[in-house]
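Numbering of residues begins at 1 and proceeds along the displayed sequence. Reckoned from all heavy atoms, side chains included, excluding hydrogens, waters and symmetry mates.
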Amino acid sequence: MNRMIVSGGLALALVAGLAWWLNSAPTPAQSELPFAAVNAQESDAETEEGAEATEEEIDTSTIVEMSMGNPDAEVTLIEYASFTCPHCANFHQNQFKELKADYIDTDKINFIYRDVYFDRYGLWAAMVARCGGQERFFGISDMLYTQQRDWIGNGQDPVAIADRLRKIGKVAGLDDDQLEACLTDNQKAKTLVAWYQENAEEDDITSTPTLVINGEKHSNMAYDELKEVLDEALGE
């Protein structure tokens, strides 16, 4: 069963809940890793009016789409996934490898990856992945999915998860200063969540992984089925 997103008032709920995500991050006193919005001032969930106002003020055009393949291809595949979703990890360790070899590396399609945030850990992981820019994003993403069980652990220790995410970033070539700059960027965290909200509502995303192929939504599927859909879209 895929990870499900609660629909109905999604944007409002996520904006209101962002304060909890940010304030519950480990503080520098608890961990050497000062995650985004450790010093956030919001202590209470925002009212509906406040949440709507906050959403309107966030400019999501600053978020870079992470893509591979041919940007001019006739077929665009958008994957909606979460770094804390086990089915997304399975997809990336299986179907995605074949997809990349057959369609992305051969420039047959344009592939776009979009984050879904179920929890604060997924947000933290995304900020680590994006810390290296477009060039390192997919390499770090692969590490996050391959090592998903290891860095999440039992999911009960934010400090340990923070430390393990930091180690992944450092193995990927990021230094302490880079990680600190990325993970203490409060505005970036808020913008990423608002960007996710916009995308999820526009494409009616209700579970992960979800694939959107030339505007048509598909649930997770075996590679043979995905290949059939792509070949048909490509006219092959």
I'd like to know if the side chain of N94 reaches the main chain of N90, judged simply by a donor and an acceptor atom lying under 3.5 Å from each other, with no hydrogens or angles considered. yes
Hey, could you give me the CZ/CG distance between R164 and L144, rounded to the nearest 0.5 Å? 12.5 Å
Quick test of your reading of the model: are D175 and K170 salt-bridged, counting only N-O distances below 4.0 Å? no
Over 12 foreign heavy atoms within 6.0 Å of CD, E232: no
Kindly check if the number of other-residue, nucleotide or ligand heavy atoms within 6.0 Å of CD (E236) is above 12? yes
Are H218 and T210 packed together at the side-chain level, in the sense that at least one heavy-atom pair is separated by less than 4.5 angstrom? no
Is the shortest side-chain heavy-atom distance between I213 and T76 below 4.5 Å? no
Taken in chain and number order and not counting sequence neighbours, the residues that satisfy ring pair (Phe, Tyr, Trp, His ring centres under 6.0 Å) with Y145 are F83, H92
How about W195 and I58: do any of their side-chain heavy atoms sit closer than 4.5 Å? no
In chain order, what residues pass the salt bridge (Lys or Arg N to Asp or Glu O under 4.0 Å) check against D102, with sequence neighbours excluded? none
If you compare all heavy atoms of N110 against all heavy atoms of M68, which two are closest, and at what distance to 0.1 Å? OD1-O, 3.6 Å
To the nearest 0.5 Å, what is the distance between CG on N199 and CD1 on I205? 8.5 Å
Ion pair present between R114 and E65, side-chain N to carboxylate O less than 4.0 angstrom? yes
Check ion pair D231-K227 (N to O, under 4.0 angstrom): yes
Any side-chain heavy-atom pair of V171 and M143 under 4.5 Å: yes
So CG of N220 and CG of L211: to nearest 0.5 Å the spacing works out to 6.5 Å
Output the distance between atom CZ (F91) and atom OH (Y223), rounded to the nearest 0.5 Å. 9.5 Å
Can a cation-pi geometry be assigned to R130 and F137, taking NZ or CZ under 6.0 Å from the six-membered ring centre and within 45° of the ring axis? yes
Going by the rule ring pair (Phe, Tyr, Trp, His ring centres under 6.0 Å), which residues pair with F111 if we only count those two or more places apart in sequence or in a different chain? F96
